[in-house]
Asks: 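Next up is a structure, given as structure tokens.
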Amino acid sequence: MLIGSNETTKLIDRYAIDNLKIPSIVLMENAAIDFVNEIDEELDNFLIVCGKGNNGGDGYAIARQLWSKGKKVKIFGVSFENLSCDCKINYDICKNIEIKMSDNIEKLKTWILQSECIIEGIFGTGLNSEVKGVYKKIIEIVNEHSNQKEIYSIDIPSGISGDDGEIMGTCIKADKTISFVTYKKAFLNTKNSKYFGKIIIKNIGLNQNFFKNFVNEYYLTKLDIKNVHKVRNVNSHKGDFGKVLIYAGSKEFSGASVLASNSCVRAGAGLVTLLTSENILKNNILSEVMLLNINDSRTISKSDFKNELQKIENNILNSDVIAIWNWQK
Ligand SMILES: NC(=O)C1=CN([C@@H]2O[C@H](COP(=O)(O)OP(=O)(O)OC[C@H]3O[C@@H](n4cnc5c(N)ncnc54)[C@H](OP(=O)(O)O)[C@@H]3O)[C@@H](O)[C@H]2O)[C@H](O)CC1
Ligand SMILES: [K+]
């Protein structure tokens, strides 16, 4: 999965709009549909809190989508003036379909209490300075009055910097964050993970592989592993999947040899042989790994030494990959 700063996410967005000719309003609609698909079906009564930018626009579009599913929806708008272009389009539709809307802070408290779920789109990747004034107040009210209610954040919890996950004065404490296109850099800031809740990334109609050159950082997911995982021919033999020789472990330190050997087996190597000091490991620790014990005592006889060397040489010649433990007493 692509990891994106605010800037890279915007670049991808711009490329999709300017070069791929996907209208921005279509991206917003896709974002809203993807978002709504991740909302718990049991929830029925929603309050959407919208800012003035495209994050707020996503909020208005989500409100429409929920309305079309017959859900109860109200909207609190930070302001209905100076909305971004796509935000205004969705705001106008919400007005036309008569979704209840208000920008009155007192109503915000009442409406939160009447709802089961609060979806917030106050700020997304466009947050560019410390949250103050009315925005700070709105975020605090949402956090304070949402006890026992689900809070869903659009793209990123409002008030968190998308670039480093730091709190810009104050921020929403989400139960679920449904984010678009990239795994935001912010989510790597584990110090603040309690504010993100469960993180879900949606593609909003774009394909991550198409944009992989826009970033140089990737978040490894089960899906990524699945994509590189090759289906094996039923007639194949374990010898077809590489032979690994690991030389590791001593009487005092045997852990690394076990970890490395088991990791190779888990990663799919065909034959894994651990070359290690005599008697340091019981065979049953390594179920699929072949153990090759060597006598590495300092008082070994010359002929035994030759035999040990021969054993090692044979194994080296027979291996595709050799891992050597670098530890000196
Ligand atoms: N491909 C995608 O990822 C898509 C993302 N979408 C959504 O769009 C937002 C980003 O939208 P954007 O309009 O760029 O930004 P925001 O909505 O986050 O916020 C912009 C407004 O907020 C004002 N602002 C910024 N910081 C502050 C602050 N500290 N206090 C008050 N106001 C602030 C800003 O005003 P400026 O005048 O300062 O610029 C804007 O008014 C993304 O997160 C997604 O949710 C698309 O919908 C689909 C494609
Ligand atoms: K948000």
Side-chain angles (χ1 to χ4, degrees), residues 2 4-20 22-35 48-62 64-65 76-91 118-139 142-143 151-163 166-187 195-197 199 201-208 210-211 214-215:
L2 314 180
S5 61
N6 286 344
E7 195 50 40
T8 39
T9 309
K10 277 184 189 152
L11 279 177
I12 292 175
D13 207 7
R14 263 309 3 126
Y15 188 88
I17 295 164
D18 295 342
N19 298 61
L20 307 183
I22 305 173
S24 59
I25 196 75
V26 171
L27 290 179
M28 189 174 275
E29 194 65 15
N30 290 348
I33 293 167
D34 273 355
F35 192 99
I48 324 286
V49 182
C50 299
K52 301 195 289 180
N54 285 346
N55 196 249
D58 293 345
Y60 287 106
I62 289 165
R64 284 178 26 240
Q65 289 293 334
F76 176 85
V78 172
S79 162
F80 302 125
E81 304 290 316
N82 302 320
L83 305 181
S84 74
C85 179
D86 291 342
C87 184
K88 171 89 168 69
I89 292 173
N90 278 297
Y91 160 75
I118 290 87
I119 296 173
E120 69 83 15
I122 306 167
F123 300 119
T125 51
L127 178 71
N128 52 29
S129 57
E130 181 111 347
V131 180
K132 290 183 185 151
V134 68
Y135 288 96
K136 189 165 190 269
K137 197 157 182 207
I138 290 167
I139 289 175
V142 171
N143 284 339
I151 302 186
Y152 283 53
S153 281
I154 305 172
D155 213 20
I156 187 162
S158 297
I160 292 268
S161 155
D163 288 333
E166 291 301 329
I167 300 169
M168 311 269 283
T170 187
C171 77
I172 291 285
K173 189 168 186 297
D175 297 296
K176 218 183 224 187
T177 297
I178 299 162
S179 196
F180 309 131
V181 189
T182 57
Y183 187 92
K184 303 292 173 292
K185 263 194 163 169
F187 302 149
Y195 296 98
F196 311 139
I199 297 166
I201 312 295
K202 304 298 289 186
N203 280 341
I204 66 167
L206 304 175
N207 182 321
Q208 294 229 349
F210 192 87
F211 295 97
F214 282 71
V215 306

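Excluded from the calculations below are hydrogen atoms, water molecules and symmetry mates; all remaining heavy atoms, backbone and side chain alike, are included. This chain uses plain numbering: 1 for the first residue, then up along the sequence. As the structure lists them, so they are numbered: ligands from 1, and atoms in each ligand from 1. Just so it is clear, the model here is predicted, and its values are computed rather than measured.
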Asks: To check your reading of the model: name the closest protein heavy atom to atom 28 (C) of ligand 1, its residue, and the distance in Å.
Replies: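 Here the nearest protein heavy atom works out to Ser129 OG, 3.7 Å.
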Asks: Output yes when a side-chain donor or acceptor of Glu120 lies under 3.5 Å from a complementary backbone atom of Ile172, and no otherwise.
Replies: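 Between the backbone of Ile172 and the side chain of Glu120 there is no qualifying donor-acceptor contact (under 3.5 Å).
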Asks: Does ligand 1 have an atom that lies less than 4.0 angstrom from a heavy atom of Gly57?
Replies: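 It does not, in that no heavy atom of Gly57 comes within the 4.0 Å cut-off of ligand 1.
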Asks: Within less than 3.4 Å of the K ion (ligand 2), any N, O or S from Glu120?
Replies: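 Yes, since at least one N, O or S atom of Glu120 sits under 3.4 Å from the K ion (ligand 2).
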Asks: I'd like to know if the K ion (ligand 2) has an N/O/S atom from Ile156 within less than 3.4 Å of it, counting both backbone and side-chain atoms.
Replies: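 For Ile156, the answer is yes, given that an N, O or S atom comes within less than 3.4 Å of the K ion (ligand 2).
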Asks: Would you say the side-chain atoms of Gln208 pair up with the backbone N or O of Val181, donor to acceptor, closer than 3.5 Å?
Replies: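 Checking the backbone N and O of Val181 against the side chain of Gln208, a donor-acceptor pair under 3.5 Å is found.
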Asks: Who gets closest to atom 45 (O) of ligand 1 by heavy atom: Asn128, Asp34, Asp58?
Replies: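 Residue with the shortest heavy-atom distance to the ligand atom: Asp58.
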Asks: Closest by any non-hydrogen atom to atom 16 (P) of ligand 1: pick that one out of Cys87, Gly126, Gly59.
Replies: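 Considering heavy atoms of Cys87, Gly126, Gly59, the nearest to atom 16 (P) of ligand 1 sits in Gly126.
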Asks: Would Gly51 count as a contact for the K ion (ligand 2), in the sense that one of its N, O or S atoms lies under 3.4 Å from it?
Replies: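 False for Gly51.
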Asks: Say whether, by atom type as modelled, one donor and one acceptor occur between the side chain of Asp58 and the main chain of Ala32 under 3.5 angstrom.
Replies: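 Absent.
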Asks: Once you restrict to heavy atoms under 4.0 Å, what part of Glu130 touches ligand 1? Side chain, backbone, both or neither.
Replies: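 Looking at Glu130 and ligand 1, just backbone atoms fall under 4.0 Å.
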Asks: Atoms of ligand 1 less than 4.0 Å from Gly53 heavy atoms?
Replies: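 Heavy-atom distances to Gly53 below 4.0 Å select 13 (O), 17 (O).
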Asks: When you measure from atom 41 (O) of ligand 1 to the protein, is at least one non-hydrogen atom found at a distance under 4.0 Å?
Replies: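 No.
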Asks: Taking N, O or S atoms only and a limit of 3.4 Å, check whether Ser153 reaches the K ion (ligand 2).
Replies: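 False for Ser153.
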